[in-house]
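Accompanying notes for the structure given below.
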Amino acid sequence: MTIEKFFRELDGFFGKNEIEEAGVFLEKALKEARETGDLSLELSVLNEMMGYYRSTDQKEKGLQSVEDGLALIQKNGLEAHPGVANMWINMGTTLCHFERVEEAEVCYKNAEMFVMQSGAGALQMAGLYNNTAAVYVKTGRFEEAGKRYEKALECLAQIDENSEFWEDIQFNRIVTWLNMIVMNCVKQQGAGEENQQLVEKIKEIMSSEDFQNTESFPYAVKKCIHCFENLQDQQNKEWFEQFTGV
């Protein structure tokens, strides 16, 4: 199986919302990659597995995919290879999700070094800053987390608003502001003026007809509802629920 075919078939399962079937497909693809000795395919499959098990909250399998990915990187001497930067990010995100924050921080530090060396785009840097900040929030280093979120927003501000990346800019701004709201709530500052300002910024984008016509809009709606549901903020949760049928 080629990498192109792998991603095409995997996208097909997600496109039809066949979540369990996607998991079965990932397992089969991993077995095939190992049997044929296809290193690139195996790395790609493991990378997707991390996100899949994270999103379906399968801790044991999620952590196993990280261990397998790390072992594959070490076995093939790829620790310092810029090509695995995204995998370092995904490993860090998965470890952080399953409360292995110290290990996650190591992964993010590796990723940051490679991403900066590669001259990666502002969108990738913004994503990295967002993910790293989550580790700092979990370990109570709120000042460091805040700086990372601000850096993420600075990266997004560097991109031309009229470029092909406009949709990605808006979506990533929403994600960053949601993360900042959660951080402030963890600091017990959730009712403050800062959070209200952030909520209004998110609502402004979500009310935009242009953004409502993007593929990212339904995902943004879900993220907003999930965020305010977890924060037990019923008023804001209901405001975003108005878009579930859009």
Contact between [X] and [Y] at the side-chain level, heavy atoms closer than 4.5 Å - yes or no?
{"X": "C224", "Y": "L178", "result": "yes"}
{"X": "T2", "Y": "F7", "result": "no"}
{"X": "V182", "Y": "V137", "result": "no"}
{"X": "T94", "Y": "H97", "result": "no"}
{"X": "I89", "Y": "C107", "result": "no"}
{"X": "D160", "Y": "W166", "result": "no"}

Pair E105-K138, salt bridge (Lys or Arg N to Asp or Glu O under 4.0 Å): steps then yes or no: CA-CA 11 Å; E105 188 171 1; K138 284 180 178 290; over 6 Å; no
Within the supplied structure, the quantity of interest is the number of heavy atoms (other residues, nucleotides, ligands) at a distance under 6.0 Å from [X] [atom1]; does it exceed 12?
{"X": "E200", "atom1": "CD", "result": "yes"}
{"X": "E102", "atom1": "CD", "result": "no"}
{"X": "E215", "atom1": "CD", "result": "no"}
{"X": "K223", "atom1": "NZ", "result": "no"}

Between F240 and F243, how do the two ring planes meet: parallel, tilted or perpendicular, split at 30° and 60°?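 Tilted: the ring planes of F240 and F243 meet at 30° to 60°.
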Would you say the side-chain atoms of [X] and [Y] include a donor-acceptor pair closer than 3.5 Å?
{"X": "Q124", "Y": "N86", "value": "yes"}
{"X": "E154", "Y": "Q158", "value": "no"}
{"X": "E193", "Y": "Q197", "value": "yes"}
{"X": "R54", "Y": "N90", "value": "yes"}

Pairs in or reaching into residues 8-37: which pass ring pair (Phe, Tyr, Trp, His ring centres under 6.0 Å), with residues at least two apart or in two chains?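 Residue pairs passing ring pair (Phe, Tyr, Trp, His ring centres under 6.0 Å), neighbours aside: F6-F25, F13-F25.
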Counting N and O atoms only, with roles assigned by atom type, does the side chain of [X] sit under 3.5 Å from a partner on the main chain of [Y], one being a donor and the other an acceptor?
{"X": "N47", "Y": "L43", "answer": "no"}
{"X": "Y52", "Y": "I19", "answer": "yes"}
{"X": "Y219", "Y": "F171", "answer": "no"}
{"X": "E42", "Y": "G37", "answer": "no"}

Audit row: E32, K28, salt bridge (Lys or Arg N to Asp or Glu O under 4.0 Å) steps and yes/no: CA-CA 6 Å; E32 179 178 331; K28 289 181 178 179; over 6 Å; no
Which atoms form the tightest heavy-atom contact between [X] and [Y], and what is the distance?
{"X": "M1", "Y": "L41", "result": "O-CD2, 3.5 Å"}
{"X": "W88", "Y": "L70", "result": "CH2-CD1, 3.8 Å"}
{"X": "Y149", "Y": "A134", "result": "OH-N, 4.0 Å"}
{"X": "S216", "Y": "E167", "result": "OG-OE2, 2.6 Å"}

Is [X] salt-bridged to [Y], going by a charged N under 4.0 Å from an acidic O?
{"X": "R8", "Y": "E4", "value": "no"}
{"X": "E144", "Y": "R148", "value": "no"}
{"X": "R34", "Y": "D68", "value": "yes"}

Could you tell me the separation between the [atom1] atom of [X] and the [atom2] atom of [Y], rounded to the nearest 0.5 Å?
{"X": "E150", "Y": "K147", "atom1": "CD", "atom2": "NZ", "value": "11.0 Å"}
{"X": "I174", "Y": "E204", "atom1": "CD1", "atom2": "CD", "value": "10.5 Å"}
{"X": "K59", "Y": "L63", "atom1": "NZ", "atom2": "CG", "value": "6.5 Å"}
{"X": "Q212", "Y": "M206", "atom1": "CD", "atom2": "CE", "value": "7.5 Å"}
{"X": "N172", "Y": "N130", "atom1": "CG", "atom2": "CG", "value": "7.0 Å"}

Same apolar cluster: [X] and [Y], side chain cutoff 4.5 Å:
{"X": "L30", "Y": "L39", "value": "yes"}
{"X": "V24", "Y": "V45", "value": "no"}
{"X": "M125", "Y": "Y136", "value": "no"}

Please list, chain by chain and in numerical order, all residues satisfying side chain to side chain donor-acceptor pair (under 3.5 Å) with E9, sequence neighbours excluded.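 By the side chain to side chain donor-acceptor pair (under 3.5 Å) rule, E9 matches no residue at all.
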Side chain to side chain donor-acceptor pair (under 3.5 Å) evaluation trace for Y108 with T93: CA-CA 8 Å; Y108 284 141; T93 305; 2.8 Å; yes
